[in-house]
K.L.:
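Okay, here's the structure, questions in a sec.
Hydrogens, waters and symmetry mates play no part in the numbers below; they use all other heavy atoms, side chains included. In the text below, chain A, chain B and the rest are named by the order of the sequence lines, each starting its count at 1.
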Amino acid sequence: MSTVVKKQKARNPLGESWGRRTLNAMRAHWQIYIIILLPIVWYAIFAYMPMAGLQLAFKKYMPRRGIWGSPWVSFKNFQNVFIDPAFLRSVWRTLSINILRLVFVFPFPIILALLLNEMRAKRYKSVLQTVMTFPNFLSWVIVSSILTNVLSADGLANSFIRMLGGSTVDFLGSEKLFQPMLYITDIWKSSGWSMIVYLAAISGIDQDQYEASEIDGANHWQKLLHITIPNLMPTIIVMFILATGNLMSAGFDQIFNLSNSATKNVAEILDMYIYRITFQSAPDYGLSTAISLMRSVVNMALLLLADRGSKLMGGNGLFA
Amino acid sequence: MKKLLSLALVMIMLLSFAVSASAEYDKHLTISWTEVIEQDEGNDYTQDAIYKTFADKFNVDFDIRPLTWGNWTTNVNLYINGLNLPDATNWFFNYTDYANYVEQEVLYKLPSDWQERWPGAAEVYRKTGLAGVLEDENGDIYCLPVPVYFNNKPVEKMPTHLQIYARKDWIEQVTGEPVHTHYTFSELADLCRKLKAANPAGVENFYPFTSYTNMLIQGLVYSGYEHVSSNYDIYLGSDGQYHWGPGDEQTYNALKFVQDMWKEGLIAPEFYTLNQGEDEDLMTIAHSSAMFYAGGLAANYILFTNEQLSSGLNPDESLCSFFVTDDEGVYHSAEATNYFGALIFNPDLDDEKFERIMDIVEYALSVEGQDLIFLGVEGTDFTKNEDGTYNMLHEYTTSDLYVSNRFFCTLAARADDFSIINPSFLAKATAKQKEQYVEKSSLIKDSLGELDFNYIFHTSDAKTRLGSIQAAYVDDYANLITKEGDLRANWEAWCADKMGMVQPVLDEMNALIAK
């Protein structure tokens with residue numbers, strides 16, 4: 001194709017170039033462009049510019065020389081990562097905790113939303129919704145101190161168990177009970193909040209579908225199975241894909257606050273490992289960045305995998 | 001006429017003071033200073049006489065940035081790596097980090113003639129044990145170790161000061177004899193058993209021994225073997241080879257002893273959930289425990305005495321302290337360093353400010369400075385006799401009267417040194433501080449894990465990596481104690497797991513001594 005034809009293609013019938021048209025459009029709608037500029041600047045400063053720091057994964061960080069001036073060390077930081085067996089254990093532990101979190105915790109807000117949607121007493125429903133949302137606003141520091149008091153040997157739970165004739169249960173120091181405790185507390189704290197997304201999706205379902213099904217004689221269960229859940233599916237899939245993309249990084253606040261030396265063997269997830277090697281001994285920013293980079297790459301791979309899986313099963317993905 | 005004369009005299013005095021002050025320190029400086037301040041509580045340190053004396057004498061103001069024990073190491077490391085160090089910072093010194101930071105040029109280099117210019121500070125530096133080993137190939141140093149003892153060192157080679165504080169009345173009640181100055185491990189277990197059976201507190205959940213994780217491990221496990229803690233874990237054995245202490249049988253025995261006590265219900269079952277201070281509260285305030293581990297300093301003894309008093313007890317009858325030996329009566333301990341932390345300075349500090357800081361340090365280490373910091377204002381709080389002894393003019397301690405004491409008491413040196421002779425302290429407490437060092441030393445038979453500077457000052461990638469597992473020793477030992485299953489199998493698995501990180505360091509050290 002000749003240059004003349006290319007130029008012609010880039011012009012509209014009025015003879016204006018693409019650049020001029022864009023400029024004219026920006027002039028005409030400058031308010032909208034100003035609004036969109038803010039998030040673009042935010043992303044550029046806080047999300048993309050810090051990525052330059054990822055080069056530390058391949059450098060020996062020297063504060064005096066800064067990130068750009070520190071010497072390159074090739075893949076030495078990555079080699080060092082694999083020398084410590086605690087690293088690989090923390091990776092598998094992170095994956096296992098978060099996969100089980102997907103199995104046990106992820107469905108809860110969906111179930112809650114479906115149940116709440118079926119409630120007819122509107123006032124009671126809104127009270128219940130508020131009560132269930134409230135724990136989300138408590139920090140894990142608060143939740144863990146409450147739990148420590150409730151679940152300790154002299155706490156409420158054990159007093160109740162002893163009152164019923166049982167013997168004291170070591171809730172706080174048991175390695176076997178640690179992960180179930182994570183899932184239960186996560187469900188208690190976050191389900192109410194996550195439920196809001198699904199409730200919003202349910203409220204957006206076309207009411208004509210329900211009316212039509214009623215005319216056809218469908219009962220509550222059939223409406224749930226054949227209208228509500230299928231309409232909710234795209235939201236569930238998007239939330240699932242997002243959760244999958246976080247498999248390697250979720251849960252630091254919770255585990256950091258709920259774990260102790262008795263449960264450390266089942267609690268050291270990747271974030272805890274990074275925290276330990278970064279802050280509890282001489283900080284090695286190159287090593288920490290190398291681990292963080294690996295984690296991000298795995299998270300991205302999982303995200304793409306979940307997205308691809310969703311599309312293969314006929315659902316919608318995150319990316320077109 | 002008299003009034004005019006008085007006025008003239010006052011004017012002359014003020015002028016002479018102003019001239020002398022301006023001659024030495026004509027420029028007012030604000031010095032930012034970071035250190036751990038216990039019981040900070042957002043205090044204003046700038047209003048009392050101790051602060052004003054320092055501020056006027058050196059024409060400075062202090063921008064005090066207090067840290068807690070919990071965030072001390074982390075924050076200072078972040079300040080260093082972020083090139084954001086305050087002018088002076090008390091940093092948790094360790095040689096691996098020091099060498100690393102010196103190489104990275106993030107610490108201020110002291111001038112080569114500093115020892116001549118500040119002879120008092122230089123003399124104290126020589127007493128820390130680090131003189132001659134901190135210097136680089138040019139003889140330069142980049143930090144000033146904060147001394148523990150420099151005028152009143154109780155013994156030549158110091159063991160740890162940690163000891164057990166206990167309910168004296170309960171122990172005497174169940175044993176029928178006066179409290180000992182030390183018990184063997186078996187005697188301690190028996191004592192706890194008797195206390196558990198008698199339950200002198202009369203509460204449902206009474207546990208004879210309660211300490212939070214760090215103190216329990218540092219107290220009981222470290223008393224079982226001198227090579228279990230970091231810096232003392234890699235040691236030169238009698239065979240001329242380097243070994244790893246946590247993998248030695250003695251470590252297993254120490255862990256086994258604590259685990260047996262814990263399983264028997266003699267130690268609080270959930271010690272791992274306790275925070276610092278909660279353990280002592282259980283004995284001194286809640287009265288549901290009979291003993292706990294804590295630092296053996298006079299100030300601690302006074303603190304617990306006061307807590308006993310406030311809960312209606314007579315501390316003379318209800319408070320005692322002792323330590324634990326092995327069943328042969330031998331005391332095991334790592335040698336305590338005669339420094340705790342080090343002063344480091346912003347690498348871009350100007351010379352004038354550095355010199356002012358060093359003048360302050362020099363004064364704080366002098367007899368006059370120590371008197372001011374720990375006893376208050378001469379003539380108001382104390383007087384001094386010609387023989388150097390003191391007369392206190394009231395019954396209060398300096399920290400009761402001057403909140404800035406909390407900042408100055410660790411500014412250039414630890415408070416341990418003056419505690420030994422502090423006349424404002426309870427005489428029993430100061431005596432206890434000294435006696436326990438002397439007695440522990442007398443019971444050490446080749447069981448002091450001595451500082452091996454060849455190892456401490458060795459730097460390599462392998463040693464840096466080892467640092468991450470050493471930092472977790474306390475938690476790992478606690479985990480082994482509470483872990484289900486056979487302790488020996490668990491301990492052996494733990495050792496095997498760590499050997500991948502330990503062996504390269506052992507190989508390096510053995511190669512070094514082979515040269």
Side-chain angles (χ1 to χ4, degrees), chain A residues 60-66 70-71 73 76-77 79-87 89 144-145 147-149 151-155 158-159 162 168 170-176 258-268 272-285 287-288, chain B residues 71 73-75 77-78 80-84 94 96-98 100-101 103-106 203-205 207 213-214 216-217 230 268-275 288 347 461-462 464-472 474-484 490 494 496-498 500-501 504:
Chain A
K60 177 180 170 61
Y61 178 59
M62 313 219 24
R64 212 69 181 152
R65 297 197 203 171
S70 294
V73 292
K76 193 179 169 194
N77 288 323
Q79 286 167 355
N80 284 342
V81 165
F82 288 99
I83 289 175
D84 187 357
F87 166 73
R89 277 201 301 269
S144 69
S145 62
L147 275 173
T148 304
N149 278 307
L151 300 178
S152 69
D154 306 330
N158 269 313
S159 300
R162 283 195 296 269
T168 304
D170 183 13
F171 288 111
L172 300 171
S174 165
E175 291 186 348
K176 284 178 188 160
L258 288 176
S259 62
N260 53 52
S261 48
T263 54
K264 73 180 289 264
N265 281 344
V266 290
E268 192 170 85
M272 296 269 285
Y273 177 81
I274 294 171
Y275 174 82
R276 179 162 67 82
I277 61 161
T278 309
F279 294 117
Q280 291 190 322
S281 55
D284 186 339
Y285 292 102
L287 189 70
S288 312
Chain B
N71 65 21
T73 314
T74 305
N75 282 19
N77 278 330
L78 288 174
I80 296 170
N81 283 283
L83 297 178
N84 194 25
N94 78 66
T96 307
D97 292 359
Y98 174 73
N100 196 10
Y101 290 146
E103 185 198 341
Q104 296 184 18
E105 300 168 6
V106 289
V203 295
E204 187 188 354
N205 297 306
Y207 304 107
T213 304
N214 197 25
L216 183 86
I217 301 302
S230 55
E270 289 170 335
F271 68 86
Y272 43 79
T273 63
L274 292 173
N275 294 313
S288 60
D461 283 349
T464 304
R465 286 196 295 270
L466 185 65
S468 71
I469 69 167
Q470 287 174 324
V474 166
D475 279 338
D476 283 350
Y477 294 145
N479 185 267
L480 286 168
I481 289 164
T482 56
K483 197 176 177 66
E484 285 179 14
N490 290 336
W494 178 80
D497 185 58
K498 304 297 173 202
M501 308 271 275

K.L.:
Just how far is it from atom CG of A/N158 to atom CG of B/N205, taken to the nearest 0.5 Å?
P.N.:
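So the gap between those two atoms works out to 9.5 Å.
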
K.L.:
To the nearest 0.5 Å, what is the distance between CG on A/N265 and CG on B/L480?
P.N.:
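Atom-to-atom, A/N265:CG and B/L480:CG are 8.0 Å apart.
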
K.L.:
Between B/L83 and A/P63, which heavy-atom pair has the shortest distance, and what is it?
P.N.:
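Minimum heavy-atom separation between B/L83 and A/P63: CD1-O, 3.3 Å.
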
K.L.:
For chain B, find which of A/L287, A/D154, A/T148, A/T263 contributes the most heavy-atom pairs closer than 4.5 angstrom.
P.N.:
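Option with the top pair count is A/D154.
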
K.L.:
Is there a donor-acceptor pair under 3.5 Å between the side chain of B/E270 and the backbone N or O of A/A153?
P.N.:
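A pair under 3.5 Å: yes.
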
K.L.:
Rounded at 0.5 Å granularity, tell me how far CG in A/D84 sits from CG in B/L466.
P.N.:
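It is 10.5 Å, given to the nearest 0.5 Å.
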
K.L.:
If you count heavy-atom pairs under 4.5 Å between each of B/E204, B/R465, B/E103 and chain A, which one has the most?
P.N.:
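Most pairs with chain A among the choices: B/R465.
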
K.L.:
Hey, what do you get for OH (A/Y275) to OG1 (B/T74), rounding to the nearest 0.5 Å?
P.N.:
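Result: 5.0 Å between the selected atoms.
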
K.L.:
How many angstroms lie between atom CD of B/E484 and atom CD of A/E175, to the nearest 0.5 angstrom?
P.N.:
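Nearest 0.5 Å value for the CD-CD distance: 7.5 Å.
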
K.L.:
In terms of heavy-atom pairs under 4.5 Å with chain A, which of B/T482, B/N479, B/I481 leads?
P.N.:
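Heavy-atom pairs under 4.5 Å are most numerous for B/N479.
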
K.L.:
Less than 4.5 Å to any heavy atom of chain B: does that hold for the side chain of A/Y61, its backbone, both, or neither?
P.N.:
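Both parts, backbone and side chain.
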
K.L.:
Return the minimal non-hydrogen interatomic distance between A/R64 and B/E105, and the atom names on each side.
P.N.:
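The answer is CD-O, 3.1 Å.
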
K.L.:
Identify which of A/A86, A/A262, A/G173, A/S152 forms the greatest number of heavy-atom pairs closer than 4.5 Å to chain B.
P.N.:
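Going by pairs under 4.5 Å, I would pick A/A262.
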
K.L.:
Name the region of B/D476, side chain, backbone, both or neither, that has any atom closer than 4.5 Å to a heavy atom of chain A.
P.N.:
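Both backbone and side chain.
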
K.L.:
What pair of heavy atoms forms the shortest contact from A/S261 to B/D475, and how long is it?
P.N.:
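Scanning both residues completely, I find the closest heavy atoms to be CB-OD1, 3.3 Å.
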
K.L.:
What residues form a salt bridge (Lys or Arg N to Asp or Glu O under 4.0 Å) with A/E268, not counting sequence neighbours?
P.N.:
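So A/E268 forms a salt bridge (Lys or Arg N to Asp or Glu O under 4.0 Å) with A/R276.
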
K.L.:
Checking A/L151 against chain B: side chain, backbone, both or neither under 4.5 Å from a heavy atom?
P.N.:
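Just its backbone gets close to chain B.
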
